[in-house]
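Every value quoted in this text rests on a predicted model; they were computed, and no experiment measured them.
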Amino acid sequence: QVQLRESGGGLVQAGASLRLSCAASGRTFSLYGMGWFRQAPGKQRELVAAINFAGESTYYADSVKGRFTISRDNAKNTIYLQMNSLKPDDTAIFYCAATKYRSIGYKIEDYADWGQGTQVTVSS
């Protein structure tokens with residue numbers, strides 16, 4: 001099991017940037033793919049971005065492509081989500097999660113461990 005703790009959320013205006021961090025401890029972080037999900041009120045949790053174990057491959061949802069960047073620092077057991085040009089529609093609780101595999105996980109079922117989430121609110 002891996003323990004995950006997100007940080008970096010907050011309240012910003014549209015067009016601003018935020019960087020989320022997710023610190024991991026427990027099972028060997030560098031062996032597993034990681035992802036960032038978000039869940040807005042009344043909506044299902046959705047995959048925003050994902051990265052494989054080595055950081056060589058990434059995935060982005062169409063809604064964030066070109067604005068968000070996922071990265072990882074295996075030496076620090078941390079992943080990041082750089083979010084630029086934020087929109088009110090980005091308002092949600094953001095969760096990081098660890099997969100059961102080295103590759104990118106595209107489905108919620110691929111993820112074994114979850115953080116508690118961090119709130120991101122974008123005002124218009």
Side-chain angles (χ1 to χ4, degrees):
Q1 188 177 10
V2 61
Q3 291 76 45
L4 302 168
R5 183 171 65 184
E6 303 93 340
S7 61
L11 170 63
V12 297
Q13 290 190 327
S17 297
L18 279 176
R19 189 175 83 153
L20 304 183
S21 299
C22 175
S25 61
R27 61 182 168 100
T28 308
F29 170 79
S30 60
L31 295 180
Y32 300 98
M34 300 290 294
W36 285 100
F37 287 76
R38 67 184 178 188
Q39 187 165 19
K43 294 188 177 181
Q44 289 187 331
R45 192 170 297 191
E46 62 172 349
L47 178 63
V48 172
I51 190 166
N52 75 332
F53 77 106
E56 301 159 330
S57 298
T58 57
Y59 162 84
Y60 297 96
D62 287 344
S63 58
V64 306
K65 204 170 290 183
R67 299 189 298 123
F68 290 10
T69 302
I70 187 172
S71 60
R72 67 189 298 161
D73 185 339
N74 285 345
K76 295 183 178 179
N77 285 358
T78 302
I79 66 166
Y80 305 96
L81 186 67
Q82 178 67 42
M83 304 186 296
N84 298 330
S85 302
L86 282 162
K87 305 174 182 180
D89 284 349
D90 295 318
T91 296
I93 299 175
F94 281 71
Y95 300 89
C96 73
T99 71
K100 312 168 192 175
Y101 323 110
R102 294 188 176 214
S103 57
I104 288 175
Y106 294 97
K107 301 175 293 185
I108 285 182
E109 305 89 82
D110 294 331
Y111 291 82
D113 299 294
W114 294 81
Q116 294 298 307
T118 185
Q119 177 71 47
V120 172
T121 303
V122 184
S123 63
S124 57

Arg38 side chain to Ala92 backbone, donor-acceptor under 3.5 Å: no
To the nearest 0.5 Å, tell me how far Leu20 CG sits from Ser7 OG. 8.0 Å
Take Leu4 and Trp114 through the test side-chain contact (heavy atoms from CB on, under 4.5 Å) and record every step on the way to the result. CA-CA 6 Å; Leu4 302 168; Trp114 294 81; 5.5 Å; no
OG on Ser103 to CD1 on Ile51, rounded to 0.5 Å: 13.0 Å
Counting N and O atoms only, with roles assigned by atom type, does the side chain of Thr78 sit under 3.5 Å from a partner on the main chain of Lys76, one being a donor and the other an acceptor? yes
Could you state the interatomic distance from OG1 (Thr58) to CE (Met34), rounded to the nearest 0.5 Å? 15.0 Å
Check whether Thr91 reaches the backbone of Val122 with its side chain - one donor and one acceptor, N or O, closer than 3.5 Å. yes
Can you tell me if Thr99 uses its side chain to pair, donor with acceptor, with the backbone of Gly33 under 3.5 Å? yes
As an exercise, state the distance from CG of Asn52 to CZ of Arg102, rounded to the nearest 0.5 Å. 10.0 Å
Would you sort out whether Lys87 and Asp90 count as a salt bridge (charged side-chain N to carboxylate O under 4.0 Å, His left out), showing the intermediate values? CA-CA 5 Å; Lys87 305 174 182 180; Asp90 295 318; over 6 Å; no
Give a yes or no on whether Ile79 and Tyr101 share a hydrophobic cluster (residues Ile, Leu, Val, Met, Phe, Trp, Tyr; joining criterion: side-chain heavy atoms under 4.5 Å apart). no
State the CG-NZ distance between Asp113 and Lys100, to the nearest 0.5 angstrom. 10.0 Å
With clusters defined by side-chain heavy atoms of hydrophobic residues (ILVMFWY) lying less than 4.5 Å apart, directly or transitively, does Val64 cluster with Leu86? yes
Step through the shown structure and confirm whether more than 12 heavy atoms of other residues, nucleotides or ligands are within 6.0 Å of CD on Gln116. no
Looking at the rings of Phe68 and Trp36, which for Trp means the six-membered one, are their centres under 6.0 Å apart? no
Any donor-acceptor pair under 3.5 Å from Thr118 side chain to Gly9 backbone: yes
Decide yes or no on side chain to side chain donor-acceptor pair (under 3.5 Å) for Asn84 and Ser17, but give the supporting numbers first. CA-CA 4 Å; Asn84 298 330; Ser17 297; 2.9 Å; yes
Closest non-hydrogen contact found for Gly117 with Ile93 is CA-CG2, 3.9 Å
Taking every non-hydrogen atom, the tightest pair across Gly8 and Leu18: O-CD2, 3.7 Å
Could I get the full list of side chain to side chain contact (heavy atoms under 4.5 Å, CB included) partners for Ala50, not counting sequence neighbours? Leu47, Tyr59, Ile104, Tyr111
Is Arg72 positioned over the aromatic face of Phe29, cation under 6.0 angstrom from the ring centre and no more than 45 degrees off axis? yes
Rounding to 0.5 Å, atoms NZ (Lys43) and CG (Asp89) come to a distance of 6.0 Å
Hphob cluster co-occupancy, Val48 + Ile70, side-chain heavy atoms under 4.5 angstrom: yes
Check whether any side-chain N or O of Glu6 sits under 3.5 Å from a backbone N or O of Cys22 as a donor-acceptor pair, and report yes or no. no
Could you tell me whether Arg45 sits above the aromatic face of Phe37, with NZ or CZ closer than 6.0 angstrom to the six-membered ring centre and within 45 degrees of the axis? no
One pair to check against side-chain contact (heavy atoms from CB on, under 4.5 Å): Met83 and Val120. What are the steps and the verdict? CA-CA 10 Å; Met83 304 186 296; Val120 172; 3.9 Å; yes
Group every Ile, Leu, Val, Met, Phe, Trp and Tyr by side-chain heavy-atom contacts under 4.5 Å, then state whether Val2 and Ile108 land in the same group. no
Heavy-atom closest pair, residues Lys65 and Tyr60: CE-O, 3.6 Å
